[in-house]
Novice: 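If you scroll down you'll find the structure; I have some questions about it.
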There are 2 protein chains.
Amino acid sequence: MLYSIIETLKKNQLSITDSRKKILEMFIRSKGALAHADIEHQSGTEFDRVTIYRTLQTFVEKGIIHTIPTADNSVRYALCKDECGQGQHHDDHVHFICDECGTTYCLDHVTVPSVDLPAGFKATQTDLVVSGKCMRCN
Amino acid sequence: MLYSIIETLKKNQLSITDSRKKILEMFIRSKGALAHADIEHQSGTEFDRVTIYRTLQTFVEKGIIHTIPTADNSVRYALCKDECGQGQHHDDHVHFICDECGTTYCLDHVTVPSVDLPAGFKATQTDLVVSGKCMRCN
DNA sequence: ACGTCATTGCAACATTGTTGCAAAATATTT
DNA sequence: AAATATTTTGCAACAATGTTGCAATGACGT
């Protein structure tokens, strides 16, 4: 899959800066999802902690990445597929979190079944989070 | 539904203390899920913050409550149904989080569809989190 | 190359969660 | 019911995580 960092940033009217380029690159290279802490560790002292927070925030707002719900308190982020629009993304994700190694996988090929909600409830997003043991830890 | 606080605590070999009784009572009274902050606000200065953390931890370990994954970073807890065993609970939950008022509902009557995982992946728990507008906010 | 605007880094702070230990409350034994 | 053993609590101190204001820096359009 071809993914141009510069193109993505330009398309979203974001200035092209070192931090944005490198953080976006991390997401592209990473097969799974990343937490703030992962990015902080990988980048060492290159960027300020605040910059990482703000970059992630911006990416979420622009629909470049999205947050993944987890049962523990850690927030994780993953690249959105191209269809994702500004602000909210409409394709529903299946995520797998390994209890053993903590890796978060986006299972894009698994379809999320639609849910029958009680009267008066309207869904805008559905997240299906499966946890267990992953391929490598099994 | 009859739910005896004392019985529940005894069954789990926990000492019967004020904090445990009152926190468990909050869960029974609350239709939705509670975050640590909710409990802290509702109980005022009655208990130490640390006590609340430890009580919630204990309840999760004993299978009295369970955590709910959320896309924002807040951890929420809800009562487990009686079938839940020690440590892990085996019935899969559907949760609905209202974007407007933040209330978290346990939709027990909606069944979680089983997911086809790629080879090598083994699921122990499946969480389906739907967000949108709830009954009251629609 | 210059001015404008967006972004960064620093500092300070707020919130959230954790740990050790003595005091207090609960449970158990006699 | 009193004494002992065990569990739980509250305090203090700390660690981690996230936020905000502001001056300095860097990116972008002309």
Side-chain angles (χ1 to χ4, degrees), chain A residues 4-26 33-62 64-77 86 102 104, chain B residues 4-26 33-62 64-77 86 102 104:
Chain A
S4 164
I5 293 175
I6 308 278
E7 275 304 307
T8 305
L9 293 176
K10 273 191 183 164
K11 209 181 295 175
N12 287 286
Q13 301 171 321
L14 295 172
S15 300
I16 303 190
T17 66
D18 278 3
S19 48
R20 284 177 183 162
K21 277 191 288 183
K22 295 220 174 161
I23 291 176
L24 190 44
E25 201 186 351
M26 282 185 198
L34 296 175
H36 172 95
D38 298 327
I39 296 169
E40 202 172 337
H41 293 145
Q42 277 186 46
S43 62
T45 57
E46 196 173 357
F47 315 115
D48 197 84
R49 235 158 38 83
V50 179
T51 302
I52 299 175
Y53 279 114
R54 287 199 267 230
T55 303
L56 290 173
Q57 233 170 257
T58 306
F59 284 179
V60 170
E61 278 163 18
K62 295 292 184 177
I64 299 172
I65 60 175
H66 65 273
T67 58
I68 299 176
T70 59
D72 63 333
N73 57 341
S74 72
V75 199
R76 289 163 205 234
Y77 303 87
Q86 306 267 112
T104 303
Chain B
S4 164
I5 293 176
I6 309 279
E7 276 304 308
T8 304
L9 292 176
K10 273 191 184 164
K11 207 180 299 177
N12 287 285
Q13 300 170 321
L14 295 173
S15 299
I16 302 189
T17 65
D18 279 2
S19 48
R20 284 176 182 161
K21 277 190 287 183
K22 293 220 175 161
I23 291 177
L24 190 45
E25 202 187 352
M26 282 186 199
L34 295 175
H36 172 95
D38 297 328
I39 296 168
E40 202 174 337
H41 293 144
Q42 276 187 47
S43 62
T45 57
E46 196 172 356
F47 314 116
D48 197 84
R49 235 157 38 82
V50 179
T51 302
I52 299 174
Y53 279 114
R54 288 198 267 231
T55 304
L56 290 173
Q57 234 168 257
T58 306
F59 283 180
V60 170
E61 277 162 19
K62 295 291 185 179
I64 300 172
I65 60 176
H66 65 273
T67 58
I68 299 175
T70 58
D72 62 335
N73 57 343
S74 73
V75 199
R76 288 163 204 236
Y77 304 87
Q86 305 265 112
T104 303

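Naming convention: chains lettered A, B, ... in sequence-line order (proteins, then strands); numbering from 1 in each chain. Keep in mind that what you see is a predicted model, and the values were worked out from it rather than measured.
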Novice: Measuring from atom CE of A/Met26 to atom CD1 of A/Ile52, what distance do you get when rounded to the nearest 0.5 angstrom?
Specialist: 7.0 Å
Novice: Any side-chain N or O of A/Ser19 less than 4.0 Å from the OP1 or OP2 oxygen of C/dT8?
Specialist: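 The answer is yes; a side-chain N or O of A/Ser19 sits under 4.0 Å from OP1 or OP2.
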Novice: Could you state the atom-to-atom distance from CD1 of B/Ile39 to C1' of C/dG17 in whole Å?
Specialist: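 About 14 Å, once rounded to whole Å.
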Novice: Report yes if at least one side-chain N or O of B/Thr51 is closer than 4.0 Å to OP1 or OP2 of D/dT8; otherwise report no.
Specialist: no
Novice: Once you round to the nearest 0.5 Å, how far does NE2 of B/His41 lie from CG of B/Leu34?
Specialist: 12.5 Å
Novice: Any base atoms under 4.0 Å from A/Glu46, or only sugar-phosphate, or nothing? Heavy atoms, all strands.
Specialist: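 Counting heavy atoms under 4.0 Å across all strands, the contact made by A/Glu46 is with sugar-phosphate only.
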Novice: Does B/Thr17 make a side-chain N or O approach to OP1 or OP2 of D/dT7 shorter than 4.0 Å?
Specialist: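 False: B/Thr17 side-chain N/O out of range (4.0 Å or more) of D/dT7 OP1/OP2.
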Novice: Toward the 5' end of DNA chain D, which comes first, B/Ser15 or B/Phe47, by nearest nucleotide?
Specialist: B/Ser15
Novice: Please check the phosphate of D/dT9 (OP1 and OP2 only) for any side-chain N or O of B/Arg54 closer than 4.0 Å.
Specialist: no
Novice: Please lay out, stage by stage, how B/Phe47 and B/Ile39 fare under the test side-chain contact (heavy atoms from CB on, under 4.5 Å).
Specialist: CA-CA 10 Å; B/Phe47 314 116; B/Ile39 296 168; 6.0 Å; no
Novice: Expressed in angstrom and rounded to an integer, what is the separation of B/Lys22 atom NZ from D/dT8 atom C1'?
Specialist: 17 Å
Novice: Counting side-chain heavy atoms from CB outward, which of D/dT9, C/dG17, C/dC10 is closest to A/Asp48?
Specialist: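 So the side chain of A/Asp48 is nearest to C/dC10.
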Novice: Counting side-chain heavy atoms from C-beta on, which of C/dT16, D/dA12, D/dT8 comes nearest to B/Val50?
Specialist: D/dA12
Novice: For the backbone of B/Val50 and the side chain of B/Asp48, can you confirm whether one donor and one acceptor N or O come within less than 3.5 Å of each other?
Specialist: yes
Novice: Is there a side-chain contact between A/Arg20 and the phosphate of C/dT7, meaning an N or O under 4.0 Å from OP1 or OP2?
Specialist: yes
Novice: Going by modelled atom types, is there a donor-acceptor pair between the base of C/dG9 and the side chain of A/Arg49 at under 3.5 Å?
Specialist: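 No.
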Novice: Is B/Gln57 touching bases, backbone alone, or none of the nucleic acid, heavy atoms closer than 4.0 Å?
Specialist: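 If one applies the 4.0 Å heavy-atom cut-off, B/Gln57 turns out to touch the sugar-phosphate alone, with no base involved.
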